Number of protein chains: 2
Amino acid sequence: MERNGPVSVSRPTIRRLPTYFPIVEQARHEGQDWISSAQIATALGLESIQVRKDLAAIGVAGQPRLGYPVTQLMQAVERCLGWNNVTDAFVIGAGHLGSALAGYRGFERHGLNVVALFDNDPEKTGTKVHGKDILAMSKFPDLVRRMRVRIAILTVPDEVAEKVARRAVEAGIQAIWNFTAAQLAVPGEVIVERMDLAASLAVLSSRLVAQRARLERSDA
Amino acid sequence: MERNGPVSVSRPTIRRLPTYFPIVEQARHEGQDWISSAQIATALGLESIQVRKDLAAIGVAGQPRLGYPVTQLMQAVERCLGWNNVTDAFVIGAGHLGSALAGYRGFERHGLNVVALFDNDPEKTGTKVHGKDILAMSKFPDLVRRMRVRIAILTVPDEVAEKVARRAVEAGIQAIWNFTAAQLAVPGEVIVERMDLAASLAVLSSRLVAQRARLERSDA
DNA sequence: TAGATTGTTAATCGATTAACAATC
DNA sequence: TAGATTGTTAATCGATTAACAATC
């Protein structure tokens with residue numbers, strides 16, 4: 001009988017889960033059948049209580065004295081993140097970034113399979129990158145329907161992102177992984193996850209500004 | 001006389017600031033001298049009170065009835081994020097991802113200037129990408145010192161990330177923008193900001209899993 | 001049994017949101 | 001003045017952390 005499924009796993013927990021996996025995998029590789037929350041926590045610089053909370057949230061039960069069963073733990077992470085059943089995706093925009101993502105081997109283990117790339121540049125269409133076809137954007141809607149692809153990875157220039165996203169949604173795309181700086185306005189049922197370069201750089205920059213201010217203060 | 005400087009601007013605020021900028025810029029472009037928190041908020045799907053809190057945090061004062069002065073607002077964002085004085089950076093790893101980042105024009109406006117790329121592949125070294133030299137990794141330490149570069153953008157394969165990061169820190173790098181999946185162990189004074197592909201994909205995937213579960217439930 | 005580790009319940013912390021007085 | 005908008009103070013919410021009982 002199936003577990004009722006997690007009510008809802010919080011976003012911070014979801015974001016930490018992928019980092020747990022290689023730690024536990026490594027432990028299994030070294031012959032461990034059990035792993036403690038403290039062992040995971042120290043490997044990642046976290047508190048063990050946070051690891052225990054996260055594991056409780058995804059429905060993994062530990063055993064006092066022993067810790068958590070590594071195989072079950074890994075399966076729970078895979079189930080929660082959908083790593084067990086691979087989902088197809090199209091990359092839109094076959095520039096450097098799109099090509100990098102199309103060639104990233106880590107995605108396969110993370111349940112994502114890039115099937116093909118799409119681009120409007122006739123110089124690129126018809127060629128391949130990392131063994132994957134670059135197709136004309138005009139073929140996109142038809143292929144989304146025929147292959148029942150749900151995910152689009154958006155790596156087009158910022159200026160056209162909004163328009164391309166609209167076309168993708170019209171073609172039936174249900175989730176967009178947005179690598180552009182554009183704020184996409186899409187219907188409520190469409191999932192948009194933004195890979196926010198500017199936000200990440202902002203955090204880095206502000207920390208550098210603070211660091212520099214600290215140094216100047218200690219100079220004076 | 002200089003303002004005392006923000007005590008500390010929270011991370012969520014820092015991450016939102018870059019999205020405010022183009023909205024305000026656009027308003028100025030259209031001739032507005034003042035912009036209200038509500039105007040910014042609706043453009044981004046936020047609450048106006050959150051915008052006011054953020055602006056207060058970076059030291060912008062508004063005027064009842066009028067809103068916030070657009071020029072001052074933009075300057076405050078630029079100051080807080082260090083967009084006014086451009087910082088040089090080296091990209092380590094001249095693959096597709098590194099090349100994409102080296103060619104991203106948005107960085108200039110965000111205070112980041114990619115000076116050169118480094119790679120170990122002799123096929124790549126000596127060539128250029130987006131007008132920027134790809135140099136042998138052996139030249140990295142010397143150039144960091146001579147050019148006083150503080151930021152390294154890490155786009156090497158995951159397996160070598162740890163080792164390369166160590167070399168970068170030894171060479172004097174003070175901040176690493178980490179695009180690899182590796183957890184970097186660096187001295188406390190070195191800033192590491194991770195661009196976490198796996199975390200972002202995890203959020204996307206879990207939302208897809210939830211969406212699918214919803215659909216199946218409504219089927220039954 | 002003794003002791004290590006989980007898991008529960010409560011406390012703390014930080015950020016968001018609400019209410020409303022202050023202000024131009 | 002009247003009214004729109006800021007900015008302050010308090011309430012809420014969610015996540016992290018702490019304390020400790022339960023358990024093997």
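Letters go in sequence order (proteins before strands), and every chain restarts at 1. Small disclaimer: the values here were computed from a predicted structure and weren't measured.
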Distances for protein N/O vs nucleotides 1-4 of chain C N/O pairs under 3.5 angstrom?
residue : atom : partner : partner atom : Å
C:dG3   : N2   : A:R65   : NE           : 3.3
C:dA4   : O4'  : A:R65   : NH1          : 2.9

- Item | Contact summary for A:L117 and A:G98, nearest pair of heavy atoms | CD2-O, 3.8 Å
- Would you say the side-chain atoms of B:T155 pair up with the backbone N or O of B:I92, donor to acceptor, closer than 3.5 Å? yes
- Within this structure, what is the CG-to-P distance between B:L66 and D:dG7, rounded to whole angstrom? 11 Å
- Distance in Å, A:T71 OG1 paired with A:R28 CZ, rounded so as to fall on 0.5 Å steps: 5.5 Å
- Message: Please list, in numerical order, the residues of residues 47-55 of chain B that have a heavy atom closer than 4.0 Å to any atom of DNA chain C.
- Response: B:I49, B:Q50, B:K53
- Note on the structure: Correct closest heavy-atom pair for A:A94 and A:D119 would be N-OD2, 2.7 Å
- Under 4.5 Å between any side-chain heavy atoms of B:L55 and B:Y20, yes or no? yes
- For the residue pair A:W83 and A:H110, does the interplanar ring angle fall in the parallel (under 30°), tilted (30 to 60°) or perpendicular (over 60°) class? parallel
- Query: With sequence neighbours left out, what residues match B:D88 under side chain to side chain donor-acceptor pair (under 3.5 Å)?
  - Reply: B:N113
- Can you list the steps and then say if B:V164 with B:M137 is a side-chain contact (heavy atoms from CB on, under 4.5 Å)? CA-CA 9 Å; B:V164 174; B:M137 195 57 205; 4.2 Å; yes
- Query: Does the pair A:N85 and B:R212 meet the rule for a side-chain contact (heavy atoms from CB on, under 4.5 Å), with working shown?
  - Reply: CA-CA 12 Å; A:N85 43 359; B:R212 176 171 284 176; 3.6 Å; yes
- Message: If the condition is side chain to side chain donor-acceptor pair (under 3.5 Å), which residues does B:Q174 pass it with, not counting sequence neighbours?
- Response: B:R150
- Message: For A:H96, give me all partners under ring-ring contact (aromatic ring centres under 6.0 Å, His included), at least two apart in sequence or on another chain.
- Response: B:H96, B:H130
- Residue pairs fulfilling side-chain hydrogen bond (donor to acceptor under 3.5 Å, both in side chains) with at least one residue in residues 157-166 of chain A, sequence neighbours excluded: A:D158-B:Y104
- Identify, residue by residue, the members of residues 198-208 of chain A with a heavy atom below 4.0 Å from DNA chain C, and return them in order of residue number, or none. none
- Item | Stems involving DNA chain D, each a run of at least 3 consecutive Watson-Crick or G-U pairs under 3.5 Å | C:3-24 with D:3-24
- Query: Can you name the nearest heavy-atom pair linking A:C80 to B:V209, along with the distance?
  - Reply: O-CG2, 4.3 Å
- Message: Taking salt bridge (Lys or Arg N to Asp or Glu O under 4.0 Å) as the cut-off, I'd like each qualifying pair that reaches into residues 32-54 of chain A, sequence neighbours left out, listed once.
- Response: A:R16-A:D54
- Item | Within residues 32-45 of chain B: residues closer than 4.0 Å to DNA chain D (heavy atoms) | B:S36, B:S37
- Trace of the side-chain contact (heavy atoms from CB on, under 4.5 Å) decision for B:V60 with B:V77: CA-CA 9 Å; B:V60 198; B:V77 172; over 6 Å; no
- Task: Kindly indicate, with the supporting measurements, whether the criterion side-chain contact (heavy atoms from CB on, under 4.5 Å) is fulfilled by A:W34 and A:Q63.
- Result: CA-CA 9 Å; A:W34 302 83; A:Q63 286 221 358; 3.9 Å; yes
- Query: Taking CG from A:L46 and C1' from D:dT16, how many angstroms apart are they, rounded to a whole number?
  - Reply: 11 Å
Could you tabulate the donor-acceptor pairs under 3.5 Å formed by side-chain atoms of residues 189-202 of chain B, not counting sequence neighbours?
residue : atom : partner : partner atom : Å
B:R194  : NE   : B:T180  : O            : 3.4
B:R194  : NH1  : B:D196  : OD2          : 3.4
B:R194  : NH2  : B:A181  : O            : 3.2
B:D196  : OD1  : B:A198  : N            : 3.4
B:D196  : OD1  : B:A199  : N            : 3.1
B:S200  : OG   : A:W177  : NE1          : 2.9

- Closest non-hydrogen atom pair, B:V149 against B:I173: O-CD1, 3.7 Å
- Query: Which of residues 15-26 of chain A sit near DNA chain D, with a heavy atom under 4.0 Å from it?
  - Reply: A:R16
- Could you state the CD-C1' distance from B:Q63 to C:dC24, rounded to the nearest angstrom? 7 Å
